[in-house]
Amino acid sequence: MRDEARRLQAFDRSIVPDMPPEPDYEDLVRLAAASCGMPIALISLVDRDRQWFRASVGLHGPGETERVNSFCTHALQREGVLLVEDAVADERFSTHPLVQGEPFLRFFAGVPLRTEDGVSIGMLCVLDRRPRGWSESQRRCLNGLQRQIELVLSTRARARRLQERNTELEQAHERMRSLNAFLQAEMRERQRIERELVDQQELLSSILAHIPHSVFWKDRHSIFLGCNQQFARDMGVSSPLEVLGRTDFELPVSSPNADIYRRIDREVMESGVPRLTYEESLQGPDGQVSWFLTSKVPLKDSEGVVQGLVGIYVDISERRRQESTLQETKELIERHAAHLEEQVLEAHERTLHLMEHSREVVFVLDAAGNVLEVNPVAERLLGISREQLLGTSFEALASEDDRGPLRRMLTDLRVRGTVRLEEQGLRSANGGRVALGIAASLQVSGTARRLLIVGDDLTEKRRLEQQNIQNDRLASMGALAAGIAHEINNPTSYVLSNLSYLQEWRDELERELEAIPGLPPRLAETLSEVKEILAECLVGGQRIRDIVRDMRFFSHTAGEEQTPVDIHSCLDVVLRMAHNELKHTARLELHYAESLPPVSASEGRLSQVFLNLIVNAAQAMRSGGTERNVLRVSTAVEGEWVRIDISDTGHGIPPEVLSRIFEPFFTTKPAGSGTGLGLSISQSIIQKMGGEMRVRSESGRGTTFTLLLPVLV
């Protein structure tokens with residue numbers, strides 16, 4: 001095993017595997033075949049697991065074979081020529097694939113090829129497809145060619161090693177040049193650094209000599225290692241050399257406070273943390289106390305160990321005297337400024353109070369027309385927060401159509417000082433138009449110019465006017481309904497009384513006729529029909545009576561007084577009134593809470609809201625009929641609130657319309673079919689009762705209005 005490892009090492013040193021064919025080896029194998037009279041000759045090199053042919057003649061097929069049981073393996077294990085005159089007769093090779101199969105070898109003669117140190121790495125062999133003998137001349141030729149091939153192999157190996165050595169020498173030479181260049185650069189850099197250090201030292205000496213502050217540095221034991229001329233003068237000596245090697249205790253000026261200086265030195269050096277810009281005092285030989293602003297910083301070596309400290313201080317005595325004078329002046333000015341600030345604050349608070357509690361819209365603009373201040377009325381009316389409004393151009397709050405008059409108004413205001421606009425539209429957060437009557441004035445304070453805009457909400461004014469008109473109409477309708485109900489009630493009463501009498505008389509007649517034998521059948525049928533007719537008349541009359549009662553109830557909607565109201569009874573009355581509107585449109589589903597507390601409300605006003613929502617729901621379900629459409633009315637108690645849900649399965653409300661349905665005069669109905677005030681008035685009524693009105697809708701899936709009213713306590 002050791003010899004095989006040595007052989008493979010020699011092989012790797014001498015041979016470059018898988019090299020292309022070379023003429024020298026090709027000529028030698030042709031010469032071997034010709035001189036030995038053999039049809040096949042080859043140079044075989046044996047690697048770890050294979051033998052491959054460096055050159056061959058007369059052999060066709062693969063350029064390599066497995067090493068196991070090869071002829072060459074046996075040749076490497078012996079000296080001299082390995083001769084096999086008939087491979088079929090030799091038990092070592094009789095079953096070899098190259099003997100039993102293509103190229104059907106029978107004769108083999110081979111000699112090992114050795115390196116310069118005698119290690120076999122391959123062989124030169126001649127072969128034939130028939131058995132034959134072997135002569136001494138053939139042996140000599142084969143041995144001679146063996147030596148020639150070994151010489152070529154040796155020459156090539158030496159050339160390869162020389163080339164590798166040359167490559168190594170070139171690489172070493174290149175590394176040497178790089179190292180030399182690096183060393184030269186390092187030398188130049190070191191020279192540059194040394195020059196810079198000298199320059200910095202000279203600069204530092206110049207700074208220390210001319211700096212107006214006192215600078216010193218000490219060792220670990222607070223012994224002075226150096227200082228500048230200014231520090232020496234402060235210590236009462238003529239030269240920094242007189243300070244070297246001494247401590248604060250040994251200097252006449254610093255000795256009274258030496259303990260304090262030494263304590264601070266220890267704190268800085270032991271903690272390694274600088275102490276910066278702290279004040280300390282020093283009493284001079286004349287007894288006058290001076291104040292200094294001092295900083296001390298630890299000095300550390302390359303490993304971060306504190307070796308001493310450096311200190312710097314500046315005389316701030318004059319500054320402290322000036323600060324004392326300035327402080328007195330400042331206090332006087334501050335008292336005066338505080339008085340002025342109080343006056344300004346009071347004026348500002350009065351202005352803010354007026355703005356906060358004004359019922360009108362107030363904007364304060366800068367000279368460029370940007371919003372500086374705004375009151376809560378403007379925030380609420382536009383639906384935009386104060387933070388969003390501040391800094392916004394006032395013109396940007398109007399739509400494109402309304403910007404022209406607004407721009408002209410601001411221009412006139414800057415020139416004339418006061419301007420009025422009968423109507424100016426602004427755009428709210430939901431895209432609606434808010435109409436304002438504007439009175440504007442120019443406010444000048446020193447160099448500051450402000451534009452004060454005060455607006456009267458015309459939208460609310462018009463809504464209230466329309467609501468008053470609607471209330472007047474409802475009051476008129478209520479009075480008319482009350483009159484009609486009164487006129488109808490009396491004849492209805494005696495009609496119902498007479499019908500009841502007729503029904504009782506018919507029943508008595510029927511009993512008496514039954515006792516008479518031979519009653520004609522036609523008469524019995526007539527009596528039965530009369531019974532059904534009278535029953536239908538009674539039902540119709542009772543229906544008329546209920547309608548008259550409901551009309552009399554609804555005639556009180558103009559009243560504003562709030563009393564305990566039973567929600568279920570109120571809903572039942574409204575649903576009976578809307579029966580004709582619903583009977584051919586939708587099925588009615590009632591989901592009443594089992595126990596519902598009363599609420600404090602105006603029963604007439606609440607009925608008006610319910611009727612408006614139910615009629616709107618019926619109109620949203622015009623198509624589809626009762627098989628498809630459902631009007632669902634449900635009630636529940638949620639904490640301190642009574643909840644009423646009125647839902648329909650109609651066409652729903654698109655999202656872009658849903659945000660505007662409570663706006664006055666907004667309607668999606670054709671012209672002449674609605675005023676756009678119903679939902680706005682309904683919301684106002686519920687809010688006045690302390691409640692809340694919500695809506696949710698989905699296009700094609702229906703709409704639900706939710707009313708929340710506080711439970712009567």
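- The nearest pair of heavy atoms linking Met693 to Leu613 is CE-CD2, 3.6 Å.
- Rounding to the nearest 0.5 angstrom, the gap separating the CG atom in Leu712 from the CD atom in Glu640 is 11.5 Å.
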Start with the C-alpha gap between Ile646 and Thr703, add the side-chain angles, then the distance that decides, and say whether side chain to side chain contact (heavy atoms under 4.5 Å, CB included) holds.
CA-CA 8 Å; Ile646 299 176; Thr703 303; over 6 Å; no
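- Side-chain contact check for Ser634 versus Tyr592: every heavy-atom pair is 4.5 Å or farther apart.
- For the pair Arg694 and Leu708, the minimum side-chain heavy-atom distance is below 4.5 Å.
- Within the 3.5 Å criterion, the main-chain N or O of Leu442 finds no donor-acceptor partner in the side chain of Thr418.
- Here Arg632 pairs with Glu589 in a salt bridge; the nearest charged N to carboxylate O distance falls below 4.0 Å.
- For the pair Val374/Ile384, no side-chain contact is recorded, criterion being any heavy-atom separation below 4.5 Å from C-beta on.
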As a quick check of understanding, evaluate side chain to side chain contact (heavy atoms under 4.5 Å, CB included) for Asp402 and Leu426, giving each step before the final call.
CA-CA 7 Å; Asp402 288 320; Leu426 297 182; over 6 Å; no
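- You'll find the side chain of Phe216 reaches within 4.5 Å of the side chain of Lys296, heavy atoms only.
- Note that OG of Ser682 is 8.5 Å distant from CG of Leu707, once rounded to the nearest 0.5 Å.
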Give the C-alpha distance, both sets of side-chain angles, the deciding distance and a yes or no for side chain to side chain contact (heavy atoms under 4.5 Å, CB included) between Asn257 and Glu280.
CA-CA 10 Å; Asn257 297 319; Glu280 58 184 358; over 6 Å; no
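- Between Cys570 and Glu603, the shortest heavy-atom contact is SG-O, 4.0 Å.
- Without hydrogens or angle criteria, Asn228 side chain to Val215 main chain gives a donor-acceptor distance under 3.5 Å.
- Minimum interatomic distance between Ala586 and Met621 (heavy atoms only, all atoms of both residues): CB-CE, 3.6 Å.
- Remark: the Ser647 side chain and the Asp645 side chain contain no N/O donor-acceptor pair separated by less than 3.5 Å.
- With hydrogens and angles disregarded, a donor-acceptor distance shorter than 3.5 Å links the side chain of Asn375 to the backbone of Glu360.
- Closest non-hydrogen pair, Ala601 versus Met689, comes out as CB-SD, 3.5 Å.
- Annotation: side chain of Leu571 is in contact with side chain of Thr635 (closest heavy-atom distance under 4.5 Å).
- Trp291 has its side chain out of reach of Arg319: every pair of non-hydrogen atoms, C-beta onward, lies at least 4.5 Å apart.
- There is a side-chain donor-acceptor pair under 3.5 Å between Ser428 and Asn430.
- For the 3.5 Å distance criterion, the side chains of Asp234 and Gln230 qualify, holding a donor opposite an acceptor.
- Within a 6.0 Å radius of CD in Glu318, other residues, nucleotides and ligands contribute more than 12 heavy atoms.
- Taking the six-membered ring where the residue is Trp, Phe292 and Tyr313 present perpendicular rings, their angle passing 60° and hence far from 30°.
- In this structure, CG in Asn612 is found 12.0 Å from CD in Gln683, a value given to the nearest 0.5 Å.
- A distance of 12.0 Å separates CG of Leu389 from CG of Asn370, quoted to the nearest 0.5 Å.
- Across every non-hydrogen atom of Ala440 and Ile453, the tightest pair is CB-CD1, 3.5 Å.
- Using a 4.5 Å cut-off on side-chain heavy atoms (C-beta onward), Leu611 and Val615 make contact.
- A distance of 7.0 Å separates CG in Leu631 from CG in Asp648, rounded to the nearest 0.5 Å.
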Arg320 vs Glu279, salt bridge (Lys or Arg N to Asp or Glu O under 4.0 Å): CA-CA, chis, key distance, verdict
CA-CA 11 Å; Arg320 283 179 65 97; Glu279 293 186 4; 2.4 Å; yes
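- Dense packing is recorded around CZ of Arg233, with more than 12 heavy atoms of other residues, nucleotides or ligands lying under 6.0 Å away.
- Arg414 places a side-chain N or O within donor-acceptor distance of the main-chain N or O of Ala367, the cut-off being under 3.5 Å.
- Remark: side-chain polar atoms of Ser290 are not paired, donor with acceptor, to backbone N or O of Ser317 under 3.5 angstrom.
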Step by step, work out the side chain to side chain contact (heavy atoms under 4.5 Å, CB included) result for Leu397 and Phe363.
CA-CA 12 Å; Leu397 298 178; Phe363 288 94; 4.0 Å; yes
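- Side-chain atoms of Ser295 come within 3.5 Å of backbone N or O of Thr277 as a donor-acceptor pair.
- In plain terms, the two heavy atoms of Pro654 and Gly652 that are nearest each other are CD-O, 4.1 Å.
- In this structure, the separation between CG on Leu436 and CG on Leu421 is 10.0 Å, given to the nearest 0.5 Å.
- The backbone N or O of Arg403 lies less than 3.5 Å from no partner atom in the side chain of Glu395, so there is not a single donor-acceptor pair.
- Not counting sequence neighbours, Phe610 has no partner by the ring pair (Phe, Tyr, Trp, His ring centres under 6.0 Å) test.
- Residue Arg420 qualifies as open at atom CZ: its count of foreign heavy atoms under 6.0 Å is 12 or below.
- Contact of the Leu410 side chain with the Leu365 side chain is registered, since non-hydrogen atoms from C-beta on lie closer than 4.5 Å.
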